[in-house]
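Every heavy atom of this structure was used, including side-chain atoms; hydrogens, water molecules and symmetry mates were not. Predicted model only: the values in this text are computed from it and were never measured. Below, read A as the first sequence line, B as the second, and so on, with proteins coming before strands; counting in each chain starts at 1.
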Number of protein chains: 4
Amino acid sequence: MRVAGSNRDETWKRVRAAGVDLLYRHGFEAMNTRQLAEAAGLKPGSLYYYFASKEEFLHRLLVDLLDEIIVDLEQNLDGLQEPVDRLDAYVRTLVRWHVVRREETFIASIEVRSLTHDRQEAYMRLRDRFDVILADILRDGAADGVFDLTHPRITRNAILSSLTAISSWYDPAGPFGLDVLTADFLELARRMVGLRSAG
Amino acid sequence: MRVAGSNRDETWKRVRAAGVDLLYRHGFEAMNTRQLAEAAGLKPGSLYYYFASKEEFLHRLLVDLLDEIIVDLEQNLDGLQEPVDRLDAYVRTLVRWHVVRREETFIASIEVRSLTHDRQEAYMRLRDRFDVILADILRDGAADGVFDLTHPRITRNAILSSLTAISSWYDPAGPFGLDVLTADFLELARRMVGLRSAG
Amino acid sequence: MRVAGSNRDETWKRVRAAGVDLLYRHGFEAMNTRQLAEAAGLKPGSLYYYFASKEEFLHRLLVDLLDEIIVDLEQNLDGLQEPVDRLDAYVRTLVRWHVVRREETFIASIEVRSLTHDRQEAYMRLRDRFDVILADILRDGAADGVFDLTHPRITRNAILSSLTAISSWYDPAGPFGLDVLTADFLELARRMVGLRSAG
Amino acid sequence: MRVAGSNRDETWKRVRAAGVDLLYRHGFEAMNTRQLAEAAGLKPGSLYYYFASKEEFLHRLLVDLLDEIIVDLEQNLDGLQEPVDRLDAYVRTLVRWHVVRREETFIASIEVRSLTHDRQEAYMRLRDRFDVILADILRDGAADGVFDLTHPRITRNAILSSLTAISSWYDPAGPFGLDVLTADFLELARRMVGLRSAG
DNA sequence: CATGAATGAGGTTTCATTCAT
DNA sequence: CATGAATGAAACCTCATTCAT
């Protein structure tokens with residue numbers, strides 16, 4: 001009962017894309033594997049040729065995304081020494097991800113709870129790297145005297161959460177493009193760390 | 001079969017408290033009415049004397065909370081004219097709610113999706129008031145020349161989301177009390193609107 | 001959607017009886033919860049008001065039966081000192097159980113494999129008591145010189161398995177009643193332990 | 001896509017051996033064709049070059065085994081006239097099979113239920129030959145006055161089931177070798193038919 | 001008000017099997 | 001012969017909800 005011309009990679013792309021769409025629109029628990037299968041052009045049971053469980057599917061989506069972001073972030077920070085430059089690169093990177101891969105970053109921000117306890121912990125540990133990287137930038141900038149922070153931990157959370165939230169309100173059909181958004185968040189972040197705008 | 005000493009209001013409080021706890025810990029879809037009943041000292045069927053459906057229960061929680069916050073917010077803004085003062089009051093109010101009623105505000109931020117389409121829309125319309133109030137403050141401050149905004153809509157979203165996120169990371173057992181948090185967020189908000197700190 | 005006049009104990013009896021029948025006729029894996037529910041006059045989901053899983057249901061059946069048999073066996077052995085008398089009582093008891101509760105003992109003999117590893121181990125430990133009791137009888141009889149055994153362990157296994165197998169071949173509609181069967185097995189067991197028949 | 005060096009007979013042997021192992025350890029219903037394929041170094045679909053269905057596979061295993069045993073048994077009985085000698089040969093043969101091909105005889109004893117109704121009947125008819133052969137031996141011995149039986153059918157079932165059960169308790173790593181076991185069962189069978197041991 | 005008993009709809013997952021390649 | 005991709009049927013189980021008592 002094989003469908004002619006079918007191909008593992010192609011099908012997986014369809015499953016993944018369908019999954020992102022459904023997770024974005026309905027959420028993990030509200031979405032079901034029947035919808036997922038139908039959207040991917042499969043029968044429900046066939047999905048299990050692509051993942052071991054619905055939850056593992058979510059996990060893979062989230063971890064793959066996180067891995068991609070971290071690699072990109074580290075590349076973009078590579079070679080930059082000055083805290084200001086590093087902060088800029090950090091903001092620029094996160095804004096882009098939350099705009100360009102809006103659906104996935106939104107899913108990631110909201111569906112971590114749906115992971116198994118163990119996988120949730122593992123994911124959190126991975127995600128902590130964002131915190132640590134930003135924390136280091138803030139610490140260095142404060143030590144250099146170029147940043148004027150209140151409590152670093154609070155500032156960090158505020159910056160990070162305002163970035164993360166982009167995927168929840170940004171409307172690609174709206175008035176702002178990636179450029180505008182990036183420029184604004186660069187400015188906002190600089191202000192939050194007590195830096196006078198360059199301009 | 002009336003249990004001696006049972007009392008509508010008392011029981012409802014137990015149901016509500018149990019619901020908040022379960023929603024906070026597990027989320028709406030992952031929580032079930034068996035757990036809710038048990039935590040409230042009832043049998044599942046009895047819950048339906050207190051709500052018409054699980055989803056209606058969530059709705060009531062969210063709407064009641066939102067109503068309370070809006071009333072409080074409007075009271076705290078009442079009489080204040082200056083944009084700076086109004087911004088301060090706005091921040092102060094939201095920080096407090098997100099700390100003191102952390103669990104409920106967290107639920108609200110994450111479980112709106114679990115509402116029926118209709119109720120979701122109604123809830124969103126109500127919640128838009130926060131946006132509007134803050135938007136007005138920013139607009140007035142910019143018109144007065146005391147605020148130096150990039151794009152108001154972006155600044156507003158950034159401020160609001162950093163406030164809303166508090167309930168997701170704040171740890172009551174951690175190093176910061178409500179005072180510290182409030183002071184910091186006041187400062188951060190002022191910076192974000194381009195106001196030089198008073199101090 | 002409660003059925004009028006329904007009652008937990010009555011329903012459980014129906015479920016249990018239906019389960020025994022299905023397990024006897026089809027075996028655990030070949031039987032399904034739909035059949036079980038239908039035979040018990042319930043919908044499939046309702047079964048889970050009576051057990052936590054299909055496997056737990058089997059487990060309960062097996063353990064309850066074993067407990068009953070052990071209690072009965074110990075009662076029947078109580079007060080008997082002579083190995084011959086104890087052997088007789090042992091055989092008499094087991095023959096009766098394998099005839100009177102033929103279906104259940106048959107299930108027990110064949111479906112232990114369907115239990116979870118853990119429950120299987122626990123069950124086996126419980127079941128070992130039969131072995132131990134018989135082993136003790138044989139040992140004492142041999143020590144007294146009234147039994148003439150080859151290897152006790154082999155004799156024990158042969159006796160026990162010939163008793164256990166009764167439930168697999170005994171036909172209640174056949175020519176032998178419990179009395180005949182008991183008399184024959186008493187004689188066979190005596191012969192197997194090398195005892196000259198009394199008659 | 002023919003794998004170099006692949007060979008129908010060799011592969012079949014691997015499939016068969018893997019099947020015996022899995023059936024012995026997990027049972028027919030609990031074993032699945034994925035495991036079977038993997039253990040045989042194939043992909044699931046390829047199995048169907050070796051059998052038409054999982055159940056047919058089991059059937060072939062059981063029937064082939066039974067055929068082998070019957071041939072062997074008839075050979076070993078061939079030429080023997082005396083009931084005692086024939087009984088000895090019968091016991092000797094069955095003990096050996098249940099020790100040497102322990103896994104397969106165990107499977108046969110327990111998985112007949114998993115066969116289709118039709119195949120089950122056919123198998124049973126074949127297996128009845130064991131009964132008949134033993135029944136004949138007992139009848140002749142009783143007629144000759146060398147056996148002292150209670151009810152022949154009961155004795156026959158007891159002897160046969162104690163032999164068949166060997167595969168379920170015999171431990172090749174244990175204290176008894178085939179010789180000991182054979183000697184003991186010869187003695188036990190003689191006792192069961194009321195014959196005084198030669199030795 | 002509350003419970004006890006059950007429903008019914010739907011969920012995820014398993015698995016023998018098929019068939020184009 | 002063998003694999004890769006998928007099917008389809010059915011399995012167990014969960015859960016919000018109902019309603020007689």
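Residues passing the ring pair (Phe, Tyr, Trp, His ring centres under 6.0 Å) test with C/Tyr48 are C/Phe51, sequence neighbours excluded. For B/Arg113, the side chain to side chain donor-acceptor pair (under 3.5 Å) partners are A/Glu111, not counting sequence neighbours. The side chain to side chain contact (heavy atoms under 4.5 Å, CB included) search around B/Asp67 returns B/Val63, B/Leu126, not counting sequence neighbours. Take A/Leu115 and apply the side chain to side chain contact (heavy atoms under 4.5 Å, CB included) test, not counting sequence neighbours, and it matches A/Glu55, A/Leu58, A/His59, A/Leu62, A/Val112, A/Arg119, A/Gln120, A/Tyr123. For the side chain to side chain contact (heavy atoms under 4.5 Å, CB included) test, residues two or more places apart in sequence or in another chain that qualify with D/Ser167 are D/His98, D/Arg102, D/Thr105, D/Phe106. Residues forming a side chain to side chain donor-acceptor pair (under 3.5 Å) with C/Ser109 (at least two apart in sequence, or on another chain): none. When the side chain to side chain donor-acceptor pair (under 3.5 Å) test is applied to A/Arg127, no partner is found at least two apart in sequence or on another chain.
Note on D/Glu56 versus D/Arg60: salt bridge recorded, some NZ/NE/NH1/NH2 to OD/OE distance being below 4.0 Å.
A heavy atom closer than 4.0 Å to some atom of DNA chain E occurs in A/Met31, A/Asn32, A/Thr33, A/Arg34, A/Gly45, these being the qualifying members of residues 28-45 of chain A. For the segment residues 48-56 of chain B, residues with any heavy atom less than 4.0 angstrom from an atom of DNA chain F are, sorted by number, B/Tyr48, B/Ser53, B/Lys54. Of the residues in residues 8-20 of chain C, not one comes within less than 4.0 Å of DNA chain F through any heavy atom.
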Please tabulate, one pair per line, all N/O donor-acceptor pairs under 3.5 Å involving side-chain atoms of residues 28-43 of chain D, not counting sequence neighbours.
unit_1  : atom_1 : unit_2  : atom_2 : d
D/Gln35 : OE1    : D/Asn32 : N      : 2.8

Just to be sure I follow the notation: if a pair is Watson-Crick (purine N1 to pyrimidine N3 plus N6-O4 or O6-N4) or a G-U wobble (N1-O2 and O6-N3), each under 3.5 Å, what dot-bracket string does DNA chain F give, with | for pairs to another strand? .||||||||||||||||||||
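The distance from atom CG of D/Leu47 to atom C1' of E/dC15 is 13 Å, rounded to the nearest whole Å.
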